Structure formats: C-alpha cells, structure tokens
Engineer: 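Got a structure for you, questions after.
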Amino acid sequence: MLLKGGTPFPQQEPVNEWLASKIAKRLGISCIPYIVEVYEEKLISVCPNMLDEHTELVPASDILRYLNPYLSFLHEQGIYDIEQKMEEMLVLDYLMMNTDRHPQNLGILIDADTMAYKGAAPIFDTGTGLGCLVKDKELEIQPTLPNAQIFNARKIPYEKLLDMVTDFSRYHFEYLNGIEEEYELC
C-alpha cells in the first residue's frame with residue numbers, strides 16, 4: 001500500500017484522489033483505487049501499489065526524451081489502446097480540473113524481468129484537482145482559468161482537453177449520478 005498526504009491546508013488532495021478513482025470506476029476508466037484515512041491527525045490517501053517485483057513504471061518523460069512521437073513508439077511496442085487510455089485520462093482530468101498531468105504522472109508499465117511493455121499505467125495522481133490549491137477568493141473564476149497541463153504544455157484551458165477526445169459515446173456520464181452523496185460520506 002502507498003500512503004500519500006496533501007498540503008498542510010486544506011488537505012484536499014487525498015479526497016481528490018479518492019473522488020477521481022470513484023469517478024473513473026463509474027465511467028469504466030482504469031485508475032488506481034484510493035481510500036482516505038487519517039494518519040497522525042492528517043488526511044492521507046491510501047492506494048495499492050501498481051508496481052511489484054516484476055512490474056516497473058516507465059514515466060512518459062523517459063520515453064518522450066528519447067523517442068518521438070510517443071503514441072507511434074507505443075504502437076511499435078504493441079500497446080494499441082494507448083489513444084483510448086490517453087483520452088480516458090483527459091476526460092478524468094477535465095472532470096477533476098487536474099492541474100498536474102506532467103510526464104512523470106503518466107506512463108507505461110513494463111515487465112521488470114524481460115523489459116517487455118505491458119500497457120498504459122492506470123491513472124494516478126489527480127490530487128491537485130478541484131481547485132484545492134486555489135485561494136477561496138479565486139474559486140469562482142477557477143473553472144475559467146487556463147490551468148490544465150498535459151505533458152509539458154501548461155496553462156491550457158480545460159475545454160481544450162475535451163477537444164482531444166474523439167469518442168464520447170463510450171462514457172456513461174449518467175453513472176456519476178449520486179456521487180455527491182458518496183463524496184459527502186468520505
């Protein structure tokens with residue numbers, strides 16, 4: 001299990017990790033499942049480790065540094081669903097208003113013994129979404145600010161993330177109905 005805290009105030013990141021995993025589950029998107037616990041009087045998120053002695057993560061930044069374009073390289077490695085996995089990440093980042101999707105926060109899982117590529121890593125690290133690092137007086141304008149990030153591109157308007165999604169028909173957004181009750185119980 002991995003334990004991850006948040007900023008001292010408002011400690012929203014652990015709750016955001018949990019909420020993103022709940023949204024992803026309802027939409028059928030591969031994401032690390034999180035729970036929220038209290039540790040030493042602070043909120044933390046707890047999740048299973050997606051890595052083990054036979055699986056490692058290769059951050060996208062390592063692939064991008066040496067091989068371009070990213071998607072073509074991954075197709076050559078036999079990862080043919082990478083566009084769908086990237087679109088799922090974009091949809092979840094849009095819903096969570098995630099500001100931290102840099103190349104260290106996405107990647108590919110490989111077999112640590114053979115170095116064979118296994119597939120896209122499940123989505124992780126969505127804690128800085130929902131304006132958690134924004135001052136209260138800025139919350140009203142937060143959705144209109146260009147604060148999304150994808151790879152090394154920063155200050156992207158959130159709606160531009162959706163422009164990169166080619167097929168919304170596979171997402172059943174009606175499955176999100178009732179998630180606010182689950183959020184209130186968290």
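What you are looking at is a predicted structure, and each value in this text was computed from that prediction instead of being measured.
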Engineer: Would you say the side chain of Leu176 lies within less than 4.5 Å of the side chain of Leu27, judging by non-hydrogen atoms?
Structural biologist: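 Result yes, sub-4.5 Å side-chain heavy-atom pair found.
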
Engineer: Tyr183 and Val15: side-chain contact (heavy atoms from CB on, under 4.5 Å), yes or no, with the steps?
Structural biologist: CA-CA 8 Å; Tyr183 183 79; Val15 176; 3.5 Å; yes

Engineer: Assess whether side-chain contact (heavy atoms from CB on, under 4.5 Å) is satisfied between Met96 and Thr128, documenting all intermediate values.
Structural biologist: CA-CA 9 Å; Met96 291 297 298; Thr128 62; over 6 Å; no

Engineer: Report yes or no: do Leu57 and Leu3 belong to one cluster of Ile/Leu/Val/Met/Phe/Trp/Tyr joined by side chain heavy-atom distances under 4.5 Å?
Structural biologist: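 In one cluster: no.
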
Engineer: I need the Ile179 CD1 to Arg26 CZ distance, nearest 0.5 Å.
Structural biologist: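 It comes to 4.5 Å.
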
Engineer: Find out if a path of hydrophobic residues (ILVMFWY) with successive side-chain heavy-atom gaps under 4.5 Å connects Ile110 to Leu71.
Structural biologist: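 In one cluster: yes.
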
Engineer: Looking only at side chains, do Lys118 and Thr55 share a donor and an acceptor under 3.5 Å apart?
Structural biologist: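 Their side chains do contain a donor-acceptor pair, which is all the 3.5 Å distance test asks for.
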
Engineer: In terms of side-chain heavy atoms, does Ser45 have a donor or acceptor partner in Glu13 at a distance below 3.5 Å?
Structural biologist: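 There is no such pair (donor and acceptor under 3.5 Å, judged by atom type) between the side chains of Ser45 and Glu13.
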
Engineer: Determine the minimum heavy-atom distance between Ala121 and Leu109, stating which atoms define it.
Structural biologist: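 Closest pair (atom of Ala121, atom of Leu109, distance): CA-CG, 3.9 Å.
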
Engineer: Is any side-chain heavy atom of Arg101 closer than 4.5 Å to one of Leu92?
Structural biologist: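 When only atoms from C-beta onward are counted, Arg101 and Leu92 do not touch, as no gap falls below 4.5 Å.
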
Engineer: What is the distance from atom CD1 of Ile82 to atom CD of Glu87, rounded to the nearest 0.5 Å?
Structural biologist: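 Taking CD1 in Ile82 and CD in Glu87, the distance rounds to 11.0 Å.
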
Engineer: I would like to know whether Glu37 and Trp18 meet side-chain contact (heavy atoms from CB on, under 4.5 Å); could you show each step before the answer?
Structural biologist: CA-CA 10 Å; Glu37 292 186 1; Trp18 170 85; over 6 Å; no

Engineer: Taking the inter-plane angle between the rings of Phe73 and Tyr117 on a 0 to 90° scale, is it parallel (under 30°), tilted (30 to 60°) or perpendicular (over 60°)?
Structural biologist: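 Ring orientation of Phe73 relative to Tyr117: perpendicular.
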
Engineer: Using a 4.5 Å cut-off on heavy atoms from C-beta on, say whether the side chain of Met86 contacts that of Met164.
Structural biologist: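 Heavy-atom side-chain distance check fails, nothing below 4.5 Å.
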
Engineer: Measuring from atom NZ of Lys85 to atom CD1 of Ile79, what distance do you get when rounded to the nearest 0.5 angstrom?
Structural biologist: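 One finds 11.0 Å between NZ of Lys85 and CD1 of Ile79.
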
Engineer: Quick check on side-chain hydrogen bond (donor to acceptor under 3.5 Å, both in side chains): which of Asn105, Asn16, Asn98 does Asp125 satisfy it with?
Structural biologist: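 Of the listed options, the one satisfying the test is Asn105.
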
Engineer: Which heavy atom of Pro14 sits nearest a heavy atom of Gly5, and at what distance?
Structural biologist: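 Taking every non-hydrogen atom into account, CG-C, 4.2 Å.
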
Engineer: Working to the nearest 0.5 Å, report the span between CG of Asn49 and CG of Leu2.
Structural biologist: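 Going from CG on Asn49 over to CG on Leu2, the span is 4.5 Å.
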
Engineer: Of all heavy-atom pairs between Gln12 and Gly129, which one has the smallest distance, and what is that distance?
Structural biologist: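 Here Gln12 and Gly129 meet closest at NE2-O, 4.0 Å.
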
Engineer: About how many Å separate NZ of Lys22 and CD of Glu182, when rounded to the nearest 0.5 Å?
Structural biologist: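 Those atoms lie 4.5 Å apart.
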
Engineer: Examine Phe173 and Leu19 and state if one hydrophobic cluster contains both, with Ile, Leu, Val, Met, Phe, Trp and Tyr joined whenever side-chain heavy atoms are less than 4.5 Å apart.
Structural biologist: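 Yes; Leu19 is reachable from Phe173 via cluster members.
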
Engineer: Would you check if Pro33 and Pro48 make a side-chain contact, meaning some heavy-atom pair closer than 4.5 Å?
Structural biologist: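 The answer is yes, as the side chains (C-beta and beyond) meet within the 4.5 Å cut-off.
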
Engineer: Same cluster for Met1 and Met50 if Ile/Leu/Val/Met/Phe/Trp/Tyr side chains link at under 4.5 Å?
Structural biologist: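 In one cluster: no.
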
Engineer: Closer than 3.5 angstrom, by distance alone: can the side chain of Asp111 be matched with the main-chain N or O of Thr114 as a donor-acceptor pair?
Structural biologist: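 Present.
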
Engineer: What's the spacing between Lys25 NZ and Tyr34 OH if we round to 0.5 Å?
Structural biologist: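 The NZ atom of Lys25 sits 15.5 Å away from the OH atom of Tyr34.
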
Engineer: Heavy-atom distance under 4.5 Å between the side chains of Val165 and Tyr94, does that happen here?
Structural biologist: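 No, side chains not in contact.
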
Engineer: What about Met89 and Tyr175, same hydrophobic cluster or not, with Ile/Leu/Val/Met/Phe/Trp/Tyr joined at side-chain heavy-atom distances under 4.5 Å?
Structural biologist: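 Each belongs to a different hydrophobic cluster.
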
Engineer: Of the non-hydrogen atoms in Ser21 and Ile32, which two are nearest, and what is the gap between them?
Structural biologist: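 So the minimum-distance heavy-atom pair works out to CB-O, 3.2 Å.
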
Engineer: Decide yes or no for Tyr171 and Ile29: does some side-chain heavy atom of the first lie under 4.5 Å from some side-chain heavy atom of the second?
Structural biologist: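 Heavy-atom side-chain distance check passes, below 4.5 Å.
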
Engineer: Closer than 3.5 angstrom, by distance alone: can the side chain of His102 be matched with the main-chain N or O of Gln104 as a donor-acceptor pair?
Structural biologist: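 The answer is yes, because a donor-acceptor pair under 3.5 Å joins these two groups.
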
